[in-house]
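For reference, the structure discussed in these notes is given below.
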There are 2 protein chains.
Amino acid sequence: MKDEQVSRRGIPEATVARLPVYLRALGALAERDTTTVSSEELAVAAGVNSAKLRKDLSHLGSYGVRGVGYDVDYLVYQISRELGLTQDWPVAIVGIGNLGHALAGYAGFATRGFEVVALFDTDPRVVGETVAGLPVLPLDDLEEVSARRPISIGVVATPAGPAQQVCDRLVAAGVRSVLNFAPCVLNVPDDVDVRKVDLSTELQILAFHEQRKALASGAALDAASLATRTLAAGGDA
Amino acid sequence: MKDEQVSRRGIPEATVARLPVYLRALGALAERDTTTVSSEELAVAAGVNSAKLRKDLSHLGSYGVRGVGYDVDYLVYQISRELGLTQDWPVAIVGIGNLGHALAGYAGFATRGFEVVALFDTDPRVVGETVAGLPVLPLDDLEEVSARRPISIGVVATPAGPAQQVCDRLVAAGVRSVLNFAPCVLNVPDDVDVRKVDLSTELQILAFHEQRKALASGAALDAASLATRTLAAGGDA
DNA sequence: TAGATTGTTAATCGATTAACAATC
DNA sequence: TAGATTGTTAATCGATTAACAATC
């Protein structure tokens, strides 16, 4: 009993980050009317190794049946519950530029679990517009709006300049989870979670590997041409 | 000499993922005309611990001066070189919907290191439009365009449905680095890198922690009310 | 029972971090 | 030289994975 409690609480961060991937793969299986899935099949669909998948799921409890596999619907429910998706989290987006527009219209929010409840901007040319069925409000309304209906997740889609200030206001208004699209580090109190989505970081990581591949094939070419030259010289110089 | 080569090649993946963050922090310092920075200062700006920062930088070489710190410009150059940003990588974006529009216009691409060279879509209503100064081409032009000018990085900004097919075509056209915004797993050969940017995964991870906080404060409230009741009962029941 | 597949163990690997000798 | 800060060591921690006993 104590053990169970302990394991229930301490789900490794790496496991939490993979649960959404499993959930998506299970959703696709459910749509194809698959009722049961083995760890091996689900692992392939999610792009992970099956031992890792079983270890991850074991942190949630024993929801599989030996010799049979996992019931798709039941596992969807258990993962959803663990991730907190059996309730709707109210989301506010600050910064309705190109990206904010795209985010407001993103179907991913419509997925069970989230509801966009408010859009904010400071630009008078944007305030008052209707985006994805919601009016864009002046940022100065943030405190009033959040007092009336608490915001669980704040999305920062502003430029880097005002991002920290916007974040501070969100936190002051009671937001304890922030999704940051601005290209900068946000400083927040310990009880606030920030996750960062950063296009240019991702591109730079790809560039690093791209360069390594170019160097590797360049080195291979060098080795090949060296071998050719060595052969042409007819020796083992 | 051999040791140096070995350490040069094997930069840990976790370190590579942080180099862009250091680069950004250094850029901000350079703008404020800071010429020298200590590992402690830079670590704070980047939001990491200074031992980790020094360890990360040590994988690139010995670019600091004991007792003094790091020269900002020199470190910017060394990290840029390591990440492969001293050349421009040609980028193509496939899928010019809301998100594709935002990506094409994103200033992050303009950052030294990347150049958007082509935009593709299949929707006849979008093809022919000019977005961020580039014409949107029919996806069927992909092979011809990439034959004329190789594409290093392909950005998949389509819905999940066609994403795998689009990815297969990119790979067949010689693309070996893919940035995937579609909410699905992409299967690629071993020599192709895929990185994934996934809004709903990030939201779900935030929801998990948000729920844990709610449960924790709920539990705290329960404990408090239990304590109150226990006190009211005047005992240690 | 025989076959299949889970849940868990234990070994391995990689990342983090405090501490400090080296050295500017 | 005295003070400051790097680069590295070594201990610790967490994540991954193969293997297999448990069990449907």
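A, B, ... follow the sequence lines: proteins, then strands. Residue 1 opens every chain.
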For D/dT16 and A/Asn49 - does any side-chain N or O of the residue sit under 4.0 Å from the phosphate oxygens OP1/OP2?
no
Tell whether B/Arg66 reaches the base of D/dT6 with its side chain through a donor-acceptor pair below 3.5 angstrom.
yes
A/Gln78 CD - C/dG7 P separation (whole Å)
12 Å
Look at all strands and tell whether B/Glu40 reaches a base, only sugar-phosphate, or nothing, counting heavy atoms closer than 4.0 Å.
nothing
Given 3.5 Å as the limit, does a donor-acceptor pair link the side chain of A/Arg24 with the main chain of B/Pro183, or not?
yes
Give a yes or no answer on whether the side chain of A/Trp89 reaches the backbone of A/Gly84 with a donor-acceptor pair at less than 3.5 Å.
yes
For a 4.5 angstrom cut-off between non-hydrogen side-chain atoms, does B/Tyr22 reach B/Val48?
yes
If the test is side-chain contact (heavy atoms from CB on, under 4.5 Å), which one of B/Leu170, B/Leu179, B/Val94, B/Val194 qualifies with B/Val156?
B/Leu170
Report the distance from atom CG of A/Leu42 to atom P of C/dT5, rounded to the nearest whole Å.
14 Å
With a 4.0 Å limit, can you tell me whether A/Tyr70 has a side-chain N or O closer than that to the phosphate oxygens OP1/OP2 of D/dC24?
no
Looking at C/dT8, C/dT17, D/dT5, which one has an atom nearest to any side-chain atom of A/Ser58?
C/dT8
Round to a whole Å and report the spacing from CG of A/Asp71 to P of D/dC24.
16 Å
Whole-Å distance between C/dT5 C1' and A/Leu57 CG?
13 Å
Rounded to the nearest Å, what distance is computed from the OH atom of residue A/Tyr74 to the C1' atom of nucleotide C/dT6?
15 Å
Indicate, with a heavy-atom threshold strictly under 4.0 Å, whether A/Ala14 touches base, sugar-phosphate, or nothing.
sugar-phosphate
Based on Watson-Crick and G-U pairs with both distances under 3.5 Å, what dot-bracket line describes DNA chain C 5' to 3', crossing pairs as [ ] and inter-strand pairs as |?
..||||||||||||||||||||||
Verify, without hydrogens or angle tests, whether B/Lys213 (side chain) and A/Asp191 (backbone) share a donor-acceptor contact under 3.5 angstrom.
yes
From D/dC24, C/dT17, C/dA15, nucleotide with atom closest to A/Val65 side chain
D/dC24
Taking CG from B/Leu53 and C1' from C/dA15, how many angstroms apart are they, rounded to a whole number?
15 Å
Walking DNA chain C from its 5' end, the first of B/Arg54 and A/Lys55 to be reached, judged by nearest nucleotide, is A/Lys55
Quick one: which of B/Ser146, B/Pro150, B/Pro90 gives a side-chain contact (heavy atoms from CB on, under 4.5 Å) with B/Val117?
B/Pro90
OP1 or OP2 of D/dT16 less than 4.0 angstrom from a side-chain nitrogen or oxygen of A/Arg18, does that happen here?
yes
Does D/dT6 have OP1 or OP2 sitting under 4.0 Å from an N or O in the side chain of B/Ser39?
yes
Between D/dT17 (C1') and A/His59 (NE2): distance, integer Å:
14 Å
Whole angstrom is fine here: how far is it from CG in B/Asp56 over to P in C/dA15?
10 Å
Among A/Val76, A/Thr36, A/Leu75, A/Leu26, exactly one meets side-chain contact (heavy atoms from CB on, under 4.5 Å) together with A/Tyr70. Which residue is that?
A/Leu75
Is it the case that over 12 heavy atoms from other parts of the model lie below 6.0 angstrom from the CD atom of B/Glu13?
yes
